[in-house]
Amino acid sequence: SPAALDLKISAFGVLDVYTRHGRVEKSQWGSNRARELLLFLACNRDGCTKAQIGVALWPEASPAQLRNTFHVTLHRLRNALGIPDAIQVDGERYRINPSLAWELDANLFEREVRAAVRDLRAGVDATAALAAAAARYRGDFLAGETVGEWADEHRDRLRRLHLGALETLGRALMERERYIEAADAFSALLALDPVNEDACRRHMICLAHLGDRASALRAYDALVRALRDDLGVKPGRDTVALRDKLATAAT
């Protein structure tokens, strides 16, 4: 529960920040930049210099402007969190105090996905762990927030990791002949990446195993539309052959 932690940051989908005192409300931040500063530090556990923070959050500011703006924003952040020494200065570097029990859902997601994928490769059935990790992704990283370009790289990496996790999960479940769960994983993947032809073929095969050829053929039609509208191409030979095989079996 959030109460067990000093600081809990949920940045997938809707942003939420909880401290040991409860949820930090929008009115408590003083400015959006105070919240963004927290997120930037959460993504850079080892800390950053004032200059690095300045480049990310205030790229247009002069050194004098940065000095003033930075200290005002840091003051607001510390007030909003209400935890003494939550933000620590170590030499030139600012960071979230490592002695606090704190968590960013994106960091947790990344650790858990990588651990589950490693276990699967080592022959351990980590499908449940991978499904639970993938479920943490409730939307793109900081999707609804107005933040600087620094977040783009994190957002893209996490999105790719999520797509990869769903694909790995679907394949692992397919190998174990757990076709209902595998179909769900591929369906979630295709909702985010509708032109993924390999995922569509696997989704169709899972649905065929479940005796739902009609849904498999509908999945094919959705792929055809997505490929045409997004990329201006047609499905490959393997996909067409699978569709024909399923259509023939359905008659």
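- Although no hydrogens or angles enter the test, the distance criterion places no donor-acceptor pair under 3.5 Å between the side chain of Arg136 and the main chain of Ala132.
- Under a cut-off of 6.0 angstrom, the local environment of CZ in Arg121 is sparse, with at most 12 non-hydrogen atoms contributed by other residues, nucleotides or ligands.
- Leu189 contributes atom CG, which lies 5.0 Å from atom CG of Asn196 (distance to the nearest 0.5 angstrom).
- Under the 6.0 Å cut-off for aromatic ring centres, Phe141 and Phe109 do not qualify, their centroids lying 6.0 Å or more apart.
- For the pair Arg138 and Asp16, the salt-bridge criterion is not met [side-chain N within less than 4.0 Å of a carboxylate O].
- At least one donor-acceptor pair closer than 3.5 Å links the side chain of Asn97 to the backbone N or O of Asp85.
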**Prompt:** Asp221 and Arg218: salt bridge (Lys or Arg N to Asp or Glu O under 4.0 Å), yes or no, with the steps?
**Reply:** CA-CA 5 Å; Asp221 292 339; Arg218 277 200 298 276; over 6 Å; no

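- The hydrophobic clustering, which links ILVMFWY residues whose side-chain heavy atoms are closer than 4.5 Å, places Leu207 and Tyr179 apart.
- Using modelled atom types, one side-chain atom of Asn44 and one backbone atom of Phe40 make a donor-acceptor pair closer than 3.5 Å.
- Taking every heavy atom of both residues into account, Leu39 and Ala11 meet most closely at CD2-CB, 4.2 Å.
- Pairing each heavy atom of Ala134 with each of Leu166, the nearest pair is CB-CD2, 4.3 Å.
- For Asp198 and Arg201, the salt-bridge test passes: some basic side-chain N is under 4.0 Å from an acidic carboxylate O.
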**Request:** Check the pair Arg178, Thr127 against side-chain contact (heavy atoms from CB on, under 4.5 Å), reporting the backbone distance first and the verdict last.
**Result:** CA-CA 11 Å; Arg178 286 156 61 185; Thr127 49; 3.3 Å; yes

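- Within a 6.0 Å radius of CG in Leu192, more than 12 heavy atoms belonging to other residues, nucleotides or ligands are found.
- Distance alone, capped at 3.5 Å, is enough to place a donor-acceptor pair between the Asp105 side chain and the Phe12 backbone.
- Using modelled atom types, no side-chain atom of Glu103 and backbone atom of Leu108 make a donor-acceptor pair closer than 3.5 Å.
- Nearest heavy atoms, His21 versus Gly82: NE2-O, 3.0 Å.
- Between Ala216 and Leu246, the shortest heavy-atom distance links the atoms CB-CD1, 3.8 Å.
- Using a 4.5 Å heavy-atom cutoff, the side chains of Leu81 and Leu38 are in contact.
- Side-chain polar atoms of Asn79 and Arg76 form no donor-acceptor pair below 3.5 angstrom.
- No side-chain N or O of Thr168 forms a donor-acceptor pair with one of Arg171 less than 3.5 Å apart.
- Of the charged side-chain nitrogens involved, at least one lies within less than 4.0 Å of a carboxylate oxygen, so that Asp140 and Arg159 count as a salt-bridged pair.
- When all heavy atoms of Ala151 and Val147 are compared, the closest pair comes out as CB-CG2, 3.7 Å.
- Residues Leu120 and Val124 do not share a hydrophobic cluster, clusters being chains of Ile/Leu/Val/Met/Phe/Trp/Tyr side chains in contact below 4.5 Å.
- A salt bridge links Glu110 with Arg114: the closest approach of a Lys/Arg side-chain nitrogen to an acidic carboxylate oxygen falls below 4.0 angstrom.
- Here the straight-line distance linking atom CZ of Arg20 with atom CG of Asp6 works out to 4.5 Å at 0.5 Å rounding.
- Side-chain atoms of Val195 and Asp193, non-hydrogen and from C-beta on, do get closer than 4.5 Å to each other.
- If you take SG on Cys200 and OH on Tyr220, they are separated by 9.0 Å, rounding to the nearest 0.5 Å.
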**Request:** Just do the side-chain contact (heavy atoms from CB on, under 4.5 Å) check on Leu77 and Trp29 with the steps written out, would you?
**Result:** CA-CA 7 Å; Leu77 170 55; Trp29 289 104; 3.7 Å; yes

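- Side-chain contact between Arg225 and Pro194 is absent, with no heavy atoms from C-beta onward closer than 4.5 Å.
- Expressed to the nearest 0.5 Å, how far CG of Asp212 lies from CG of Leu217 amounts to 9.5 Å.
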**Message:** Between Leu163 and Arg160, is the side-chain contact (heavy atoms from CB on, under 4.5 Å) condition met? List the steps.
**Reply:** CA-CA 5 Å; Leu163 294 175; Arg160 281 197 306 273; 5.6 Å; no

**Asked** Do Lys8 and Trp102 pass the side-chain contact (heavy atoms from CB on, under 4.5 Å) test, and can you show the C-alpha distance, the side-chain angles, and the key distance before you say yes or no?
**Response** CA-CA 6 Å; Lys8 181 178 196 267; Trp102 73 274; over 6 Å; no

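- Atom NE2 of His71 is surrounded by more than 12 heavy atoms from other residues, nucleotides or ligands within 6.0 Å.
- Looking at heavy atoms from C-beta onward, Arg155 lies in side-chain contact with Asp152 at the 4.5 angstrom threshold.
- Taking CG of Asp184 as the start and CD of Glu181 as the end, the distance is 7.5 Å to the nearest 0.5 Å.
- Atom CD of Glu25 has more than 12 neighbouring heavy atoms from other residues, nucleotides or ligands inside a 6.0 Å radius.
- Val224 and Leu231 end up in different hydrophobic clusters when Ile, Leu, Val, Met, Phe, Trp and Tyr side chains are linked at under 4.5 Å.
- Both Leu161 and Trp150 are members of a single hydrophobic cluster when ILVMFWY side chains are connected at heavy-atom separations under 4.5 Å.
- Val17 and Ile87 fall within the same hydrophobic cluster, where Ile, Leu, Val, Met, Phe, Trp and Tyr residues are linked whenever their side-chain heavy atoms come under 4.5 Å apart, directly or through other members.
- Judged by distance alone, the side chain of Arg33 and the main-chain N or O of Thr73 form no donor-acceptor pair under 3.5 Å.
- The residues Glu145 and Arg35 are annotated as salt-bridged, a charged nitrogen and a carboxylate oxygen being separated by less than 4.0 angstrom.
- Taking each heavy atom of Arg93 and Asp46 in turn, the nearest pair found is NE-O, 3.4 Å.
- Of the inter-residue distances, the one linking Cys43 atom SG with Leu142 atom CG reads 7.0 Å to the nearest 0.5 angstrom.
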